[in-house]
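What follows is a set of notes on a single structure, which appears directly below.
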Amino acid sequence: MTDIIDHTPWICVNCGVQFAPSEQPPDECPICEDERQFVGLDGQAWTTLEKLQSTHRNVLRDKEQGRLWGIGTEPAFAIGQRALLVRTDSGNLLWDCVSLLDAATIRQVKALGGVSAIAISHPHYYGSMVEWSRAFDGAPIYLHEAEREWVMRPYDAIVFWEGDSYEIGPGVTLVRTGGHFEGYQCLYWAEGAEQRGALLSGDQPTVCWDRKSLSFMYSYPNFIPLGPEAVRRTVDVLEPLSFDRIYGAWWGRVIEAGGKEALRRSARRYLDAIGAG
């Protein structure tokens, strides 16, 4: 899709998602109007990538001896998640996304081998995914077909896949857990955690602040719990995978070891708590 010349791809300040170019900001953000998100106390607000570049910067941190890098924005913007750059022999994959992309970030990422593919867990983390793809030679963006309606900036490089799993490359597989969103997807990285396997879960399941357990929500800001069938499905589709570490969506939200058992234990605790154990 070719952008309209001289129109602006506005960014929602509340969720950080960039929209298709328009002369004026949209009247509302459907992602924030949805009950899983919210409109801020000051009402709907918009910014642009250029403005964001003047007030924020991205920080890259090595998380696994050069094989996995976190990319986070300072000061925190919108939801505040950080992206993860997975480096593999078949190319680098950007997991989840942030709104900010600038020349310094592009230089640093290119020094690490660039981006060959992008995959994003769910609409709250779409950020400026089109800008990221364009900066790295039109890298394909892998989203689940069930989330097509939430794409606010259509783009030719978006690949919508169907089913419950999709292998992007050797040892790198998308798994649809559903729940938080119908097409919610996690990323399984077989070589992560020093070959013990890593699950990049975003926030479904989410890594709790104790870094020992996980939880499940339909809406995090509005405190709507996930139903028992969705929780059981999440555990069932992840059970065949071999992983020891789980990366959540924010700095520090990582279960370093014992992730598989933590998922089982946390699901049992959650189901007991809602009376569905």
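For the numbers below, each heavy atom of this structure counts, side chains included, while hydrogens, waters and symmetry mates do not. The model shown is predicted, which means the values in this text are computed figures rather than measured ones.
- The two residues Ser99 and Phe77 come nearest to each other via the heavy atoms OG-CE2, 3.5 Å.
- With values rounded to the nearest 0.5 angstrom, Asp102 atom CG is found 8.0 Å from Leu49 atom CG.
- Cation-pi geometry between Arg36 and Phe181 is met: under 6.0 angstrom from the ring centre, within 45 degrees of the axis.
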- Could you go step by step and tell me if Leu199 and Leu238 meet the side-chain contact (heavy atoms from CB on, under 4.5 Å) rule? CA-CA 9 Å; Leu199 181 72; Leu238 296 177; 3.8 Å; yes

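- Ring-centre distance between Trp95 and Tyr247: not below the 6.0 Å cut-off.
- Side-chain contact check for Leu85 versus Leu93: every heavy-atom pair is 4.5 Å or farther apart.
- A perpendicular orientation is assigned to the rings of Tyr270 and Phe216, their planes being inclined by more than 60° (bins at 30° and 60°).
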- Item | Evaluation steps, side-chain contact (heavy atoms from CB on, under 4.5 Å), between Ile141 and Met129 | CA-CA 8 Å; Ile141 304 169; Met129 61 182 181; 3.9 Å; yes

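- Taking both residues in full, the closest heavy atoms of Tyr155 and Gly138 are given as OH-CA, 4.0 Å, listed atom of the first, atom of the second, then distance.
- Distance check, rounded to the nearest 0.5 Å: CZ of Arg253 to SG of Cys208 gives 7.0 Å.
- Between Ile255 and Ala262, the shortest heavy-atom distance links the atoms CD1-CB, 4.0 Å.
- For the pair Leu60/Val109, a side-chain contact is recorded, criterion being any heavy-atom separation below 4.5 Å from C-beta on.
- In this structure, the side chain of His144 does not engage the main chain of Val175 through any donor-acceptor pair within 3.5 Å.
- The distance from atom NE2 of His124 to atom OH of Tyr184, rounded to the nearest 0.5 Å, is 10.5 Å.
- Proximity of a side-chain donor or acceptor of Lys212 to a complementary backbone N or O of Gly258 within less than 3.5 Å is not detected.
- Using a distance-only test at 3.5 Å, with no hydrogens or angles considered, a donor-acceptor pair links the side chain of Ser201 to the main chain of Pro205.
- Using a 4.0 Å cut-off between charged side-chain N and carboxylate O, Asp164 and Arg233 make a salt bridge.
- At a threshold of 4.5 Å between non-hydrogen side-chain atoms, the residues Cys186 and Leu174 do not count as touching.
- Of the possible polar contacts, none joining the Arg245 side chain to the Gly197 backbone as a donor-acceptor pair under 3.5 Å is found.
- Rounding to the nearest 0.5 Å gives a distance of 11.0 Å between CD of Glu64 and CD of Glu191.
- Remark: side-chain polar atoms of Gln53 are paired, donor with acceptor, to backbone N or O of Leu101 under 3.5 angstrom.
- Counted by atom type alone, Arg265 and Ser213 present zero donor-acceptor pairs between their side chains at under 3.5 Å.
- Under a 4.0 Å N-O distance rule, the pair Glu74/Arg61 qualifies as a salt bridge.
- Taking 4.0 Å as the cut-off between side-chain N and carboxylate O, Arg211 and Glu256 do not count as a salt-bridged pair.
- Placement of Phe243 and Leu200 in two distinct hydrophobic clusters is found when ILVMFWY residues are connected by side-chain heavy-atom separations under 4.5 Å, directly or transitively.
- At a threshold of 4.5 Å between non-hydrogen side-chain atoms, the residues Cys29 and Trp46 count as touching.
- Under 3.5 Å, the side chains of Gln108 and Trp69 contain no donor-acceptor pair of N or O atoms.
- The backbone N or O of Glu167 lies less than 3.5 Å from no partner atom in the side chain of Thr173, so there is not a single donor-acceptor pair.
- For the residue pair Asp203/Tyr125, the side-chain donor-acceptor check at 3.5 Å is satisfied.
- In this structure, Leu112 and Arg87 have side chains that are in contact, with non-hydrogen atoms separated by less than 4.5 Å.
- Under the 6.0 Å distance and 45° angle rule, Arg148 counts as a cation-pi partner of Phe160.
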- Message: Could you walk me through whether Thr206 and Leu214 satisfy the side-chain contact (heavy atoms from CB on, under 4.5 Å) test, starting with their C-alpha distance in whole Å, then the side-chain angles of each, then the deciding distance to 0.1 Å, before giving a yes or no?
- Response: CA-CA 5 Å; Thr206 191; Leu214 301 110; 5.9 Å; no

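- In plain terms, the two heavy atoms of Gly40 and Asn14 that are nearest each other are N-OD1, 3.2 Å.
- No more than 12 heavy atoms of other residues, nucleotides or ligands sit less than 6.0 Å from atom CG of Asp137.
- The residues Arg176 and Glu182 are annotated as not salt-bridged, no charged nitrogen and carboxylate oxygen being separated by less than 4.0 angstrom.
- Under a hydrophobic clustering in which Ile, Leu, Val, Met, Phe, Trp and Tyr are joined whenever their side-chain heavy atoms come within less than 4.5 Å, directly or via other members, Val254 and Leu263 fall into different clusters.
- For an aromatic pair to be called close, the ring centres must be under 6.0 Å apart, and His180 with Tyr220 satisfies this.
- With hydrogens and angles disregarded, no donor-acceptor distance shorter than 3.5 Å links the side chain of Tyr126 to the backbone of Arg153.
- Of the possible donor and acceptor atoms, one in the side chain of Asn222 sits under 3.5 Å from a partner among the backbone N and O of Glu35.
- In this structure, NE2 on His56 lies 8.5 Å from OG1 on Thr47, to the nearest 0.5 angstrom.
- One distance of note links CD of Glu131 with OG1 of Thr105; it measures 12.5 Å at 0.5 Å rounding.
- Under the 4.5 Å side-chain heavy-atom criterion for grouping Ile, Leu, Val, Met, Phe, Trp and Tyr, Trp161 is not connected to Leu94 through any hydrophobic cluster.
- Leu241 and Tyr142 sit in two unconnected hydrophobic clusters of ILVMFWY residues. Membership requires side-chain heavy atoms under 4.5 Å apart, directly or through other members.
- The shortest side-chain heavy-atom distance between Pro123 and Val17 does not fall under the 4.5 Å cut-off.
- Panel note: side chain Ser54, backbone Lys51; a donor-acceptor pair is recorded below 3.5 Å.
- Using a 4.5 Å heavy-atom cutoff, the side chains of Val159 and Leu143 are not in contact.
- Contact detail for Leu100 and Trp132: the closest heavy-atom pair is O-CZ2, 3.5 Å.
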- Evaluation steps, side-chain contact (heavy atoms from CB on, under 4.5 Å), between Trp251 and Gln81: CA-CA 8 Å; Trp251 295 121; Gln81 78 279 1; over 6 Å; no

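- Across Ser133 and Ala139, no two heavy atoms sit closer than the pair OG-O, 2.7 Å.
- Ile158 is connected to Ile31 through a chain of hydrophobic side-chain contacts under 4.5 Å among Ile, Leu, Val, Met, Phe, Trp and Tyr, so both are in one cluster.
- Enclosure of atom CG in Asp272 by more than 12 non-hydrogen atoms of other residues, nucleotides or ligands within 6.0 angstrom is indicated.
- A donor-acceptor pair is defined here as one N or O able to donate and one able to accept, closer than 3.5 Å; no such pair exists between the side chain of Thr8 and the backbone of Trp10.
- A donor-acceptor contact closer than 3.5 angstrom links the side chains of Asn58 and Thr73.
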- Task: Apply the test side-chain hydrogen bond (donor to acceptor under 3.5 Å, both in side chains) to residues Ser121 and Asp96: give CA-CA distance (whole Å), side-chain angles for both, the deciding distance (0.1 Å), then the verdict.
- Result: CA-CA 6 Å; Ser121 57; Asp96 281 338; 2.9 Å; yes

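- Using a 4.5 Å heavy-atom threshold, the side chains of Tyr166 and Gln185 count as separate.
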